[in-house]
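I have placed the structure first, in the form of structure tokens, so that the comments after it can refer back to it.
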Amino acid sequence: MENELILEQISKTFDDGSLVLKNISLRLQQGTKLSVLGPSGSGKTTLLRLIAGLDSSDSGTISFNGQIMNTCPPHRRNFGMMFQEFALFPHLNVFDNIAFGLKMKGMDTVRIAERVNEMLIMTGLENFQTRRIDELSGGERQRVALARTLAPQPRLLMLDEPLSSLDRVLRKRLLSELTDILSRLNITTIFVTHDHEEAFAAGNRVIIMNQGKIEQIGTPDQLIRTPENQWVKEFLGQ
Ligand SMILES: Nc1ncnc2c1ncn2[C@@H]1O[C@H](COP(=O)(O)OP(=O)(O)OP(=O)(O)O)[C@@H](O)[C@H]1O
Ligand SMILES: [Mg+2]
């Protein structure tokens, strides 16, 4: 199937010998909005880093669109990743932040301007293109980070706790803005969070991780109605 992400029996141990991911298998069709929910230390970020190619697994395969990705360097995967702190360039303005990945790809300036403009419109930042990052609110920064990540048309989007540095009220508003934008795109999205509400609002499928294993995978409704075991039940506060 086109642009399908398949993880088969992925395991990861760090140098100190701790087994951080244990036989993770997962299959995501294009357009799936997956939330990865689990307590701190359950292996969520490690899972994203393996998919992104920032780290390698000890065993198992990761494939995308029919191709094995295990040895493919991160920049060749054409996957986008957005982090908690956004990692924007504070000395560059909004336009140049969004254009950054396109310049790295060697795109010509006319096409860069077109693509950045599309991104500015999509994220409602048309009037901010010459603003510096340190003159933006947290919510505006988040939209710049999203625009920058989406500009090179990644085949897969990963977000690692994209809202956790914001206060509660803003978090709620931005979550709905973010899911609105993403729901209009047919891009597979993996959204990592340790917040149940966020996970259920952002994903049409959710995996619950605990100590490097998938405890359960299902729709938000299935997880709420039929938690598979006691741990999931307690974790979801039932
Ligand atoms: N580079 C590393 N070297 C050794 N251990 C690591 C490394 N990175 C992560 N770990 C360990 O792997 C486990 C999983 O970490 P990971 O960052 O994937 O968890 P997480 O689910 O993202 O947690 P959080 O919600 O706190 O971000 C933790 O016990 C962590 O200490
Ligand atoms: Mg993490």
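In each ligand, atom 1 is the first atom listed, and ligand 1 is the first ligand listed.
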### Query
Looking only at heavy atoms, which two atoms of Q30 and E2 are closest? And how far apart?
CB-O, 3.7 Å
### Query
With a cut-off of 2.8 Å, does T45 place any N/O/S atom under that distance from the Mg ion (ligand 2)?
yes
### Message
If the cut-off is 4.0 Å to any non-hydrogen atom of S42, which atoms of ligand 1 fall inside it?
### Response
19 (O), 21 (O)
### Query
Quick check: does G43 get an N/O under 3.5 Å from an N/O on ligand 1?
yes
### Query
Is the shortest N/O to N/O distance between F14 and ligand 1 below 3.5 Å?
no
### Query
Among R49, K12, H194, K44, which residue places a heavy atom closest to atom 21 (O) of ligand 1?
K44
### Query
Counting only heavy atoms, which portion of E161 has something under 4.0 Å from ligand 1: side chain, backbone, both, or neither?
side chain
### Task
Using the six-membered ring of F89, assess whether NZ or CZ of R148 lies under 6.0 Å from its centre and within 45 degrees of the ring axis.
yes
### Query
Of T46, L48, L19, which has the heavy atom at the shortest distance from atom 15 (O) of ligand 1?
T46
### Message
Ring of F14, cation from K12 - is the NZ or CZ under 6.0 Å from the centre and inside 45° of the axis?
### Response
yes
### Query
Is the F64 ring parallel, tilted or perpendicular to the F79 ring (thresholds 30°, 60°)?
perpendicular
### Query
Which is it for S63 and M69 under the side-chain contact (heavy atoms from CB on, under 4.5 Å) test, yes or no, and what are the steps along the way?
CA-CA 5 Å; S63 66; M69 288 285 126; 5.6 Å; no
### Summary
heavy-atom search around atom 12 (O) of ligand 1 in the protein gives V20 CG2, 3.1 Å
### Message
Using heavy-atom distances only, which candidate in T45, D55, L47, T193 approaches atom 17 (O) of ligand 1 most closely?
### Response
T45
#### Entry: Shortest protein contact, atom 14 (C) of ligand 1 (heavy atom only)
G41 O, 3.4 Å
### Ring geometry between H196 and F200 (parallel below 30°, tilted from 30 to 60°, perpendicular above 60°)
tilted
### Task
Might you check, step by step, whether the distance between atom 30 (C) of ligand 1 and some protein heavy atom is under 4.0 Å?
no
### Message
Less than 3.5 Å apart, any donor N or O on the side chain of D195 or T193 sitting next to an acceptor on the other?
### Response
no
### Task
Please check if any side-chain donor atom of D58 sits under 3.5 Å from a side-chain acceptor atom of S11, or the reverse.
no
### Task
Kindly identify the option in S40, S18, P39, G38 whose heavy atom sits closest to atom 26 (O) of ligand 1.
S40
